Amino acid sequence: MKYDPSKIEKRWQKYWQEIGIGKADNNSSKKKKYILTEFPYPSGEGLHMGHLRPYTAGDVYSRFHRMNGFEVLYPIGWDAFGLPAENFALKKGVHPRISTANNIENAKKQLLSWGMSFDWSREINTTDPEYYKWTQWIFLQLFKAGLAYEATGLINWCPSCKTGLANEEVIDGKCERCGTVVEKKELRQWYLKITAYADKLLDGLKYLPEWPGPVKLQQENWIGRSEGALIKFSILHFQFSEELEVFTTRADTLFGATFLVISPELAKRWIDSGWQAPDDVGKYVKISLAKEERQRTAEDKDKTGVDTGVKAINPANKKEIPIWVADYVLGGYGTGAIMAVPQHDERDKEFAKKFGLLIVDEPLVPINEAIEKFGTKKIQYKLRDWVFSRQRYWGEPIPLVHCDKCGIVPVSEDDLPVTLPEVEKYEPTGTGESPLAAIEEWVNTKCPECGGDGKRETNTMPQWAGSSWYWLRYADPKNKNELADKSALKYWTPVDVYFGGMEHTTLHLLYSRFWNLFLYDQGYITEKEPYLKRIPHGIVLGSDGEKMSKSRGNVVNPDEILEKYGADTMRMYELFLGPHESTVSWNSKGIVGVKRFLDRVFGFIFDESAPESKTVHKLIKKITEDISSIKFNTAVAAFMQFLNENVRLNKKDWEKFIILLAPFAPHATEEIWHEVMKNKDSVHAQLWPVYDSGLILDEKVKIVVQINGKVRDMIEADSGLTESEAKELALGSEKVKKYLKSGNIGKIIYIQDRLINFVV
RNA sequence: GCCGCUGUGGUGGAAUUGGUUUUACACGCACGACUCAAAAUCGUGUGGCCUCACGGCCAUGUGGGUUCGACUCCCACCAGCGGCACCA
């Protein structure tokens, strides 16, 4: 039979829809397995090779578990709010609602053509009011719990996307979305108090043994907990502040603190409250604050600073010390001021040397004693509160009303969702104001509390809002009364295995853990941590080893590969490229190897007179273990090797082979299962084969004979020989005799069925 | 600078609870079969060096070490990738 994927794949995809291959049952009595892959942004370019990787892995894993008797939930949806969707819409001049719907339709077609066994009956869309109703509802719970607050502060601002950004969205000083260098801007923003969960987020990592170490470590570093102390220094003759508080982890070095340094931000606050700073100080502060964050914090930069002329008292030795202002001190960490101990800190030393400040070598004091005497214990985090408002149109409206009389009032839960108004003009304004602010008939509303005139909050939520709880919704996606039914959550959550990218470690993965912990604390959900096991995948590069990009011209389009080779070949080659977690380069040349393999599978004719195969049992063991441990590349190799080595197989053994191959090449195996094997039901509904452990043992083994650790011969023998039997056999070898002639045998090392080593 | 990961043929990669003459599987390449020819397919070979050959020596980034035995463990160094980046 000739293998022509284009003739068979559509037919079986339709068949799977009809029989509901991926449908998960909330009332199943089976053991559950919740397998999740990050849901895609439906961008205008369609899904790319980077999507194929986790979805194929998840699909193989899901099909495997279904065949092993699990009730599997492998859902999919669309993370369709946010900048990519909106920017695409702006570029094409189409309303984001329409372009998003088109992009979703296209992406869905792609996923179906790849043979993914998602449960399409649970498809969700973050831009669907029925969905974002609950995103808004969660926000209100955060607000009511005091974890959402409004504040004016210096925030990251992307001048190209024209919106504020969270700390996590600034990668190497640039906007995570568009790569533009981020500016600092003083703006009124909504924040989520993720810092209140810093300890819980950190502590929870301890209970996730199946997360990769590097992922946990990265989150740990991002949270950045350090234990130290707050120490107050009194300020002399200064009316704008009586004392200056610093955070330090080295209270034991307090006696060596010979000056204090404040950040330009703190100096600015003093100036704003009326301090007549010396001219050079005022000038320095102005210049520092105007600098780009990256310039200011570049490490190889020379230290700069100015003496404020103000003096303070070191509480330990009562000595008078100067206060300087310098931009190596960060305004946003600790108190925005430090005590400088040049003897013990390289940065302080560099500064002191440059400006001729005192460096003394005072003895250390016990740290706890110092804290007790001169300050208070303090735990400081690097984690900042999450800037949660965006000045863009395409996002969930924040469900709050501003009322002159009542202040900020939450929209009544009965009135959710606050739907995004239909407008023609939705370009970002760039003024720090959301485009929604211009829509008067939407903005003007009644206060939910007093019924008087009120104005809606016009900022929208960030990209990350909808994805911060989506896995919960999959458990019960159509629920109108709550985000998901408790018993459905009890059955499905937590997610057993979560496939996704490394780039989300300190973004989506951190945010969603935060929301999950919060919802758990509030009693709305049943699990403390959302994902039991996290499996990151490497990125797919172009054949030149560079990131795929249009400008490089190295983009490989999965649709074209599919047209040429079919979905099964594409899937298997993608898995064959390398270990799931490593970065791989897509090399279109190598794909023919997989196509040739599937051609041979298709052309294989089983032979009823062939004896029962033992190697098929080894294959069952190998494939079962490889899928379980996410080693798909070696599983594919094992299939190839098996077919190379077995030219004759009877029908029963061939059937086992086809079942094992089914999760990898779902269409081709289904075709063979029906057309060649003449079965009526689906190959994907079969039970996973079980191997006979008695049959995988070899009767004959090859034992290596070493002399002083060097291999000198190999003897074939029955398995399970004792040491003396093996010794006798080995000494009979001519080669061994030759090498043993010159010495006496001392030690003998024998490892059964493997090797015998004579030490001479 | 700090933290983490990686380093094996022309290429992607296998093998790491130390143990079957490193390089499974695949690509590529060479030769052969089939063909008028090509493609496809099938078969054989394919780490390096020396040798007509038998055979030998050297090889898992580099240099040491532990061990009967090291790709696998330890130390130092080099190179690449990722994260954080003046966090006091």
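Nothing here was measured: the structure is a model prediction, and the numbers come from that model.
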- [ ] Taking atom P in both B:C50 and B:C5, compute the distance separating them and give it to the nearest angstrom.
- [x] 41 Å
Task: Integer angstrom distance from the C1' of B:G9 to that of B:A15 - done: 15 Å
Task: Closest to the A:Ile749 side chain, choosing from B:A88, B:G19, B:G4 - done: B:G19
TODO: Just name whichever nucleotide pairs with B:A33, Watson-Crick or G-U, keeping both distances under 3.5 Å, else none.
DONE: B:U41
TODO: Check the surroundings of atom NZ in A:Lys595: do more than 12 heavy atoms from other residues, nucleotides or ligands lie under 6.0 Å from it?
DONE: yes
Open item on the list: Work out how far the P atom of B:U17 is from that of B:C74, and round it to whole angstrom.
Closed with: 13 Å
- [ ] Look at A:Arg596 and B:A26 and indicate whether a side-chain polar atom (N or O) is within less than 4.0 Å of OP1 or OP2.
- [x] no
Open item on the list: Heavy-atom nearest nucleotide on RNA chain B for A:Trp222 versus A:Ala638: which residue maps closer to 5'?
Closed with: A:Ala638
- [ ] Identify the nucleotide, in any strand shown, that forms a Watson-Crick or G-U wobble pair with B:G80, with both distances under 3.5 Å; if there is none, say none.
- [x] B:C5
Task: For atom CG of A:Leu729 and atom P of B:U20, their distance in whole Å - done: 19 Å
Open item on the list: As a quick check of understanding, evaluate side chain to side chain donor-acceptor pair (under 3.5 Å) for A:Glu168 and A:Tyr511, giving each step before the final call.
Closed with: CA-CA 10 Å; A:Glu168 288 81 9; A:Tyr511 293 150; 2.8 Å; yes
Open item on the list: Quick check: on RNA chain B, is the nucleotide nearest A:Gln218 upstream (toward 5') of the one nearest A:Gly224, or the reverse? Name the residue that is more 5'.
Closed with: A:Gln218
TODO: Check every atom of B:A88, B:C86, B:G28 against the side chain of A:Ile338 and return the nucleotide holding the closest atom.
DONE: B:A88
Pairs under 3.5 Å (N/O, protein and nucleotides 7-14 of chain B):
unit_1, atom_1, unit_2, atom_2, d
B:G12, O2', A:Leu577, O, 2.8
B:A14, OP1, A:Asn633, ND2, 2.8

Open item on the list: Within the supplied structure, the quantity of interest is the number of heavy atoms (other residues, nucleotides, ligands) at a distance under 6.0 Å from A:Glu183 CD; does it exceed 12?
Closed with: yes
Task: Separation of atom CG in A:Leu755 from atom C1' in B:G18, rounded to whole Å - done: 11 Å
- [ ] Would you mind classifying the nucleic acid contact of A:Gln706 as base, sugar-phosphate or nothing, using non-hydrogen atoms under 4.0 angstrom?
- [x] base
Open item on the list: Checking base pairs now: Watson-Crick or wobble, both atom distances under 3.5 Å. What partners B:C73?
Closed with: B:G65
Could you list the donor-acceptor pairs under 3.5 angstrom formed by side chains in residues 375-384 of chain A, with sequence neighbours left out?
unit_1, atom_1, unit_2, atom_2, d
A:Tyr381, OH, A:Asp199, OD1, 3.0
A:Tyr381, OH, A:Asp199, OD2, 2.9
A:Arg384, NE, A:Lys382, O, 3.2

- [ ] Ignoring backbone atoms, establish whether A:Tyr333 has a side-chain N or O less than 4.0 Å from OP1 or OP2 of B:A88.
- [x] yes
Task: Length of the NZ-P vector between A:Lys174 and B:A85, whole Å - done: 14 Å
Task: Atom P, compared across B:U46 and B:C54: separation rounded to whole Å - done: 13 Å
Open item on the list: Would you measure the distance from the P atom in B:C34 across to the matching atom in B:C29 and give it in whole Å?
Closed with: 22 Å
Open item on the list: Students often mix this up, so state it plainly: with edges at 30° and 60°, are the rings of A:Trp586 and A:Tyr573 parallel, tilted or perpendicular?
Closed with: perpendicular
Open item on the list: I want to verify a distance call: between B:C68, B:G4, B:A24, whose nearest atom is closest to the A:Lys747 side chain?
Closed with: B:C68
Task: Distance, P atom - from B:U62 to B:U72, rounded to whole angstrom - done: 11 Å
Task: Rounded P spacing from B:U23 to B:U60 in Å - done: 13 Å
Open item on the list: Rounded to whole Å, how long is the line connecting atom CG of A:Asn757 with atom C1' of B:G18?
Closed with: 13 Å
Open item on the list: Which is it for B:G9, anti or syn, if anything within 90° of zero counts as syn?
Closed with: syn
TODO: Please determine, for the side chain of A:Gln641, which listed nucleotide (B:C84, B:A24, B:A88) has the closest atom?
DONE: B:A24
Open item on the list: Within the 4.5 Å heavy-atom criterion, are A:Leu266 and A:Val329 side-chain neighbours or not?
Closed with: no
- [ ] Can you tell me the distance, in whole Å, between the CG atom of A:Asp626 and the C1' atom of B:C25?
- [x] 12 Å
TODO: Report the distance from atom OH of A:Tyr573 to atom C1' of B:C25, rounded to the nearest whole Å.
DONE: 13 Å
Open item on the list: Taking pairing as Watson-Crick or G-U wobble with both contacts under 3.5 Å, can you name the mate of B:C57, or confirm there isn't one?
Closed with: B:G48
Open item on the list: If I pick the P atom on B:U22 and the same atom on B:A70, what distance separates them, to the nearest angstrom?
Closed with: 11 Å
- [ ] Would you check if the side chain of A:Asn757 reaches a backbone N or O of A:Val705 as a donor-acceptor pair within less than 3.5 Å?
- [x] no
Task: Pairing of A:Glu625 and A:Lys621 as salt bridge, 4.0 angstrom limit - done: yes
TODO: Just call it for A:Arg600: base, sugar-phosphate, or nothing, with non-hydrogen atoms closer than 4.0 Å on any strand.
DONE: sugar-phosphate
Open item on the list: Please report the distance, rounded to the nearest Å, between CD1 in A:Ile539 and P in B:C5.
Closed with: 19 Å
Open item on the list: Base, sugar-phosphate or nothing for A:Val329? Non-hydrogen atoms, less than 4.0 Å.
Closed with: base
- [ ] Classify the side chain of A:Lys382 versus the base of B:C84 as yes if they form a donor-acceptor pair under 3.5 Å and no if they do not.
- [x] no
Task: Interatomic distance where CD1 belongs to A:Ile262 and P belongs to B:C86 [whole Å] - done: 19 Å
TODO: Just call it for A:Leu217: base, sugar-phosphate, or nothing, with non-hydrogen atoms closer than 4.0 Å on any strand.
DONE: sugar-phosphate
Task: Any side-chain donor near an acceptor of the partner, A:Ser6 and A:Asp4, under 3.5 Å - done: yes
TODO: Could you tell me whether a side-chain N or O of A:Asp385 sits under 3.5 Å from a main-chain N or O of A:Ile194, the two making a donor and an acceptor?
DONE: yes
TODO: Hunt down the Watson-Crick or G-U wobble partner of B:A14, both distances under 3.5 Å, from any strand shown, or write none.
DONE: none
